[in-house]
Amino acid sequence: SPGFPYTPPGVDVLEGGKLTSNNVAGSSNAEVTLSPADGRLEVVLFHPAASGLLAVASVRGLQVWDVTRDAALTGKHTPVHSDRQPSLPDLSSFHECLICLSVSLQCVQGHQANRDSRVLWVKDDSLLTTGFNQVILKFTTYLNVTLMPLFDPDSGLLIVSGNGESVIDCFEVNSSEPFLSQVSHCLTDLSTRGVALVPKLALDVSCCEVLRLLQLTDNFIVPISYQVPRKDFHADLYPDTVGHTLAMTAEDWWKGENKQVLTSQSSSAAPSRSPSSTSGLSSGFLPSPSQSSRAIHSMLGPSSKFRHIQGTVLHRDTHITNLRGLHLTTPGECDGFCANGERVAVPLAIAGGQIAVFELSQPGKLPDTALPTIQNSVNVADFCWDPFDTHKLVVAGDDAKIRVWQIPKGGLMETLTEPECVLRGHTEKIYSIKFHPHASSLLASSSYDLTVRLWSLETGEEVKRLSGHQDQIFGMAWSPDGKLLATVCKDGKVRLYDPRKSTLPIQEGPGPEGHRGARVVWVCDGKYLLVSGFDSRSERQLYLFSAESLASGSVASVPADVSPSTLIPFYDLDTSVLILTGKGDTRVYTYEIVPEAPYFMECSSFHSSEPHKGLCFLPKTECDVRDVEVARAVRLGKTTIEPVAFRVPRVKKEFFQDDVFPETAVWWEASLTAAAWLSGSNGQHRKISLRPKDMMPVSEAPKEAPVRKYLPSSVYLEEKTDEQKKEELLSAMVAKLGNREDPLPQSSYEGVDEDEWVSEELTTHTHTHTSDDS
């Protein structure tokens, strides 16, 4: 046996000569128990095309069993030679006999030693064996170990590893001399106890992975990937591969039928817009959809084109450093700090609820002296910038009041003590505040008095009061069109309000079971509500609800991890990318949300070296579209404010990537007034293109015909020696010097007149004399 099976369902070989077949997904009880009664069992092998057909080899013979009927179809016994120990069977004899049963009655001389040997089919119906009397693989240096060969018929690659060795060799099998060409020599950290190949349909074709090996060690199973260094998908690496649909039954095979398993094109085509294949995306061109790409979606499941999104902290020159006295224990309903395209507001751990305001256009190290602040007079419960006025900051306090502050142009130059206005009406501490996405000066607030109130900052008065909550309100969010307001509550309910029609919820449904906190955000053009919360075991969880039927519960959910802080979501309407992180976290999660199954498509995570207070995202105009930056945020650390760019890796950045940069809504401009919205009007943001004038959209770029070279795999996987690299470098240097068109220095020297020449004898004497002097 190669060591351990990857598929099909697990088979246990017992000392007593019994064979049990277990369903991996089921219980620990055996589904079938076979009793060949031939002593210790050594090898089991499923038929490649017939269902339930199992070959079983023991010390004394070979049998073929129909597992579905628990019966042996035939048996062939081989004599036990007197000079061999029963505990060391000649496994090559078993394989030869198996070949005789399934192909034709042939027999050839095998390995002469009484040690373990292996045999497997390779190219053009050839057999390859490994043993101890003659080492067939002359390139290997294994000594006194059993060689375990594995062959991939699609790529023609042969993997050879020795039991107990720390070397795994890869060869290419050819139909003519040389029959074996070494491709790679892999040194492993741990000794090998077994090897197995992963099915081809599970490979990552996006990175040109042609083979994946699982190495069994004493304590681990280690995946080893073989990849061809190419940037784009190449179909020549992926011929049609064998599928998983059985061709016939064991009884049909026994009657003489021979059928082959149907091939699948799943691995032979580039997935269309598949996140498992970012090759087409990284080149800037989307491959056309095909039946084969849909097949790989059905086998492996779809994944996001933002799968490899990268979060990067920008250069230190853009940081604001030397922050002191930050208030790091803001309420759970507060994001911790807030930012717009021009400035950042950060609460300070100073009596009186003071808030510092920093200009993003003035990075650098802050002075050690005290800075001007906003003196809110009470502890800060929540605060946010007016989306339509970058100078207006609204702060909710513990005293149930909301204060509106106006920041002077150019930034905070002196301490502010008097707010522009104060909103009064709540009877208990305020949880959170949210501005309306379309109407100017319209603010929503939630409070411990279990109400949600709408305020007009123009008049300073309460205009609506919503009720229906039974417990603490964790979070609220306006719909993208500004018509509805969603809330998530500690009583385990998600509610939906139409404030202009009713003060009671128009819908409600079951929310997160945990009571530690939650957030809500609208996704997929307002069709769904995404709730970040906790399950009954206090593990962080993401839930997706249909906005049309909250009562039916969540349509999908994904687990995150275990942490006490609530994941704070940010959703980008243009790309449908969801970015989440929590206070005190070091990891930033990224998902693409789609309106159909699987709903959540996980992308790469961004990790920071130190815990952060959180992220605040800036307007889309702050993104560098030339660098395919789809989101820009600022991160608050213990003593720093750092910009973070989220980029999608692309190869041809000279083109504007209009597939990830559609026209964006100008959400930082109001589309109507609060009074107009309250009277029943609805606004809509205008949209703009982010494409620079000197960039051509990638959708209009000329399509380049792919150039494919049908070369053997060894050309791409071969590792060059240091001597070969030196020779190539020297040849390149010589070629460069030989191709130079510049004249040599001596060509520019001027000659002498003929009368200045001396006789040959004098010249010879002079040179001789000079030589003697030297």
Within a 6.0 Å radius of atom CD on Glu663, are there more than 12 heavy atoms belonging to other residues, nucleotides or ligands? yes

Do Lys305 side-chain atoms and Asp659 backbone N/O form a donor-acceptor pair below 3.5 Å? yes

In Å and rounded to the nearest 0.5 Å, what is the CG to NZ distance from Leu567 to Lys583? 12.5 Å

Of all heavy-atom pairs between Gly482 and His438, which one has the smallest distance, and what is that distance? N-CD2, 3.9 Å

Separation between CG (Leu443) and CG (Asp386), nearest 0.5 Å, reads 9.0 Å

Verdict with reasoning, Trp478 to Trp667, per ring-ring contact (aromatic ring centres under 6.0 Å, His included): CA-CA 13 Å; Trp478 288 100; Trp667 55 261; over 10 Å; no

Would the distance check show the side chain of Gln507 and the main-chain N or O of Pro505 forming a donor-acceptor pair, the cut-off being under 3.5 Å? no

Check whether any side-chain heavy atom of Val577 lies under 4.5 Å from a side-chain heavy atom of Val630, and answer yes or no. no

Distance (rounded to the nearest 0.5 Å) between Ile473 CD1 and Glu333 CD: 10.0 Å

Under 3.5 Å donor-acceptor, Ser576 side chain and Ile593 backbone: yes

With Phe606 via ring pair (Phe, Tyr, Trp, His ring centres under 6.0 Å) - residues at least two apart: none

I'd like to know if the side chain of Asp627 reaches the main chain of Glu629, judged simply by a donor and an acceptor atom lying under 3.5 Å from each other, with no hydrogens or angles considered. no

Parallel, tilted or perpendicular: rings of Phe388 and His685 (30°, 60°): tilted

Salt bridge or not for Arg465 and Asp449, using N-O below 4.0 Å? no

Describe, in one word, how the ring planes of Tyr431 and Tyr448 are oriented to each other, choosing from parallel (under 30°), tilted (30 to 60°) and perpendicular (over 60°). tilted

Output, in order, the C-alpha distance, side-chain angles, deciding distance and verdict of side chain to side chain contact (heavy atoms under 4.5 Å, CB included) for Val628 and Val660. CA-CA 8 Å; Val628 201; Val660 296; 4.1 Å; yes

Donor-acceptor pair, distance only, cut-off 3.5 Å: does the side chain of Trp668 make one with the backbone of Gly341? no

Given side chains that start at C-beta, do those of Leu442 and Val463 come closer than 4.5 Å, heavy atoms only? yes

From CA spacing to verdict: side chain to side chain contact (heavy atoms under 4.5 Å, CB included), Val588, His612: CA-CA 10 Å; Val588 179; His612 49 240; 3.9 Å; yes

Counting only heavy atoms from other residues, nucleotides and ligands, does the tally under 6.0 Å from NZ of Lys483 exceed 12? no

For a 4.5 angstrom cut-off between non-hydrogen side-chain atoms, does Leu542 reach Tyr591? yes

Apply side-chain hydrogen bond (donor to acceptor under 3.5 Å, both in side chains) to residues Asn376 and Trp405 and explain how you reach the verdict. CA-CA 9 Å; Asn376 197 58; Trp405 300 88; 3.2 Å; yes

State whether the side chain of Tyr571 and the backbone N or O of Trp522 hold a donor-acceptor pair below 3.5 Å, judged by distance alone. no

Determine, for Asp624 against Arg647, whether the closest basic-nitrogen to carboxylate-oxygen distance falls under 4.0 angstrom. no

Aromatic ring centroids of Tyr497 and His469 under 6.0 Å? yes

How long is the straight-line distance from OG of Ser536 back to CD of Glu513, given to the nearest 0.5 Å? 4.5 Å

What I'd like to find out is whether the side chain of Val422 reaches to under 4.5 Å of the side chain of Arg403, using heavy atoms alone. yes

Between Tyr543 and Pro510, is any pair of side-chain heavy atoms under 4.5 Å apart? no

Please walk me through it: do Asn340 and Thr390 pass side-chain hydrogen bond (donor to acceptor under 3.5 Å, both in side chains)? CA-CA 7 Å; Asn340 55 34; Thr390 58; 5.0 Å; no

Check the pair Asp574, Lys687 against salt bridge (Lys or Arg N to Asp or Glu O under 4.0 Å), reporting the backbone distance first and the verdict last. CA-CA 11 Å; Asp574 298 341; Lys687 292 189 175 182; over 6 Å; no

Got a second to check how far Gln470's CD is from Cys489's SG, nearest 0.5 Å? 7.5 Å

Would you check if there is a donor-acceptor pair between the side chains of Ser479 and Asp481 at a distance under 3.5 Å? yes

Under 3.5 Å: donor-acceptor pair, side chain of Asp658, backbone of Phe661: no

Between Ser446 and Ser432, do the side chains contain an N or O donor and an N or O acceptor separated by less than 3.5 Å? yes

The reported gap from CH2 in Trp455 to CD1 in Ile433 (rounded to nearest 0.5 angstrom) is 11.5 Å

When you measure from the side chain of Ser608 to the backbone N and O of Thr586, does any donor-acceptor pair fall under 3.5 Å? yes

Ser565 backbone acceptor or donor facing Arg540 side chain under 3.5 Å: yes

Just wondering, are more than 12 heavy atoms of other shown residues or ligands nearer than 6.0 Å to CG in Asp525? no

Using modelled atom types only, decide if a donor and an acceptor are shared between the side chain of Arg453 and the backbone of Gly425 within a distance under 3.5 Å. yes

